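What follows is a short report on a single structure.
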Amino acid sequence: MNNLRTVSDTKREFYRHHTRPINSIYRRFVEELMVEMHLLSVNADFHYDPIYALGVVTSFERFIEGYRPELDKASIFTALCQSVRENPDQYRQDAYNVLEQAKSLSISDLMDKMKQAASGQFNEGILFDTLQKIAQNSRFKYSRLFAIGLYTVLMEVNSDLVKNQEQRNQTFQEVSDVLSLTSDKLQKDIDLYRSNLDKMQQILTVIEETIEADRKKRQSQIAKETLTNTQEGTTTGQ
């Protein structure tokens with residue numbers, strides 16, 4: 001009988017693949033995402049699906065924005081997937097394919113085909129094949145990362161949803177009904193995701209402003225020193 005992997009096992013695996021230190025600003029996010037992926041990977045009811053993959057990729061890309069050094073981002077994402085014994089290339093490819101299919105849809109097309117998929121009448125393409133399997137799986141393991149993937153699909157189809165709370169909530173309710181999800185939970189997870197994005201952006205803005213202020217201060221100091229040296233040189237030469 002195989003021993004169930006622990007969070008510590010997953011963390012050790014992560015740092016075996018990514019050996020550089022994590023930038024302190026992003027460390028908490030990376031470790032929380034790692035733990036979340038771990039807990040899902042050891043849950044008997046959880047099964048990987050492309051919308052979940054889109055949630056992982058989108059969450060990572062949005063929260064890791066501005067990471068330095070830039071080259072470490074790919075290594076961190078690869079290590080996250082490999083730490084839970086998944087293929088990072090599959091995550092990225094599935095996420096891309098889901099969004100490509102979503103681009104061609106209107107919100108009414110999406111909802112109509114989602115309803116058909118849920119009833120087993122339509123499963124064309126990776127998006128609706130995934131939605132059909134979810135709707136027909138009474139033991140589907142819902143997760144926050146799946147919610148982020150679903151939200152990303154909806155925003156790809158109609159970006160104006162982010163501006164209209166009433167329309168957004170109505171759409172979430174319809175989607176929840178079709179897929180037999182808990183609407184309150186879905187909306188709460190998405191609202192928290194959007195709130196955390198805003199907070200992260202505020203942090204990055206403050207950091208950028210601080211860096212820019214320090215840069216200007218250094219330039220000013222150098223200019224003053226240069227002027228002083230020039231004046232001293234002129235005085236000496238007289």
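What you are looking at is a predicted structure, and each value in this text was computed from that prediction instead of being measured. Each residue takes its place number in the sequence, starting with 1.
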Salt-bridge test for [X] and [Y]: reply yes if a basic N is under 4.0 Å from a carboxylate O, no otherwise.
X      : Y      : result
Lys133 : Asp129 : yes
Arg27  : Glu31  : no
Arg144 : Asp189 : no
Glu61  : Arg92  : yes
Asp160 : Lys163 : yes

Item to check | Test side-chain contact (heavy atoms from CB on, under 4.5 Å) applied to Thr58 and Arg62, step by step | outcome: CA-CA 6 Å; Thr58 302; Arg62 294 298 304 274; 4.1 Å; yes
Checklist entry - Honestly, is Arg68 close enough over Tyr26, meaning NZ or CZ under 6.0 Å from the six-membered ring centre and within 45° of the axis? => result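 Not flagged: Arg68 not positioned over aromatic ring of Tyr26.
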Item to check | Residues in ring-ring contact (aromatic ring centres under 6.0 Å, His included) contact with Tyr142, at least two apart in sequence or another chain | outcome: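 Counting only residues at least two positions away or on another chain, Tyr142 forms no ring-ring contact (aromatic ring centres under 6.0 Å, His included).
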Checklist entry - Do the ring planes of Phe60 and Phe29 sit parallel (below 30°), tilted (30 to 60°) or perpendicular (above 60°)? => result tilted
Checklist entry - Any donor-acceptor pair under 3.5 Å linking the side chain of Ser83 with the backbone of Leu80? => result yes
Item to check | Side chains of Asp72 and His18 in contact at under 4.5 Å (non-hydrogen atoms) | outcome: yes
Checklist outcome for this item: Taken to the nearest 0.5 Å, the spacing of Lys115 NZ from Gln121 CD works out to 12.5 Å
Item to check | Residues that Lys103 engages under side chain to side chain donor-acceptor pair (under 3.5 Å), provided they are two or more places apart | outcome: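 Per chain and number, Lys103 pairs via side chain to side chain donor-acceptor pair (under 3.5 Å) with Glu100.
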Item to check | Residue from Gln173, Gln116, Met114 passing side chain to side chain contact (heavy atoms under 4.5 Å, CB included) with Val178 | outcome: Met114
Next on the checklist: So that I know where these two stand, are Phe146 and Tyr52 an aromatic pair - ring centroids less than 6.0 Å apart?
Outcome noted: no
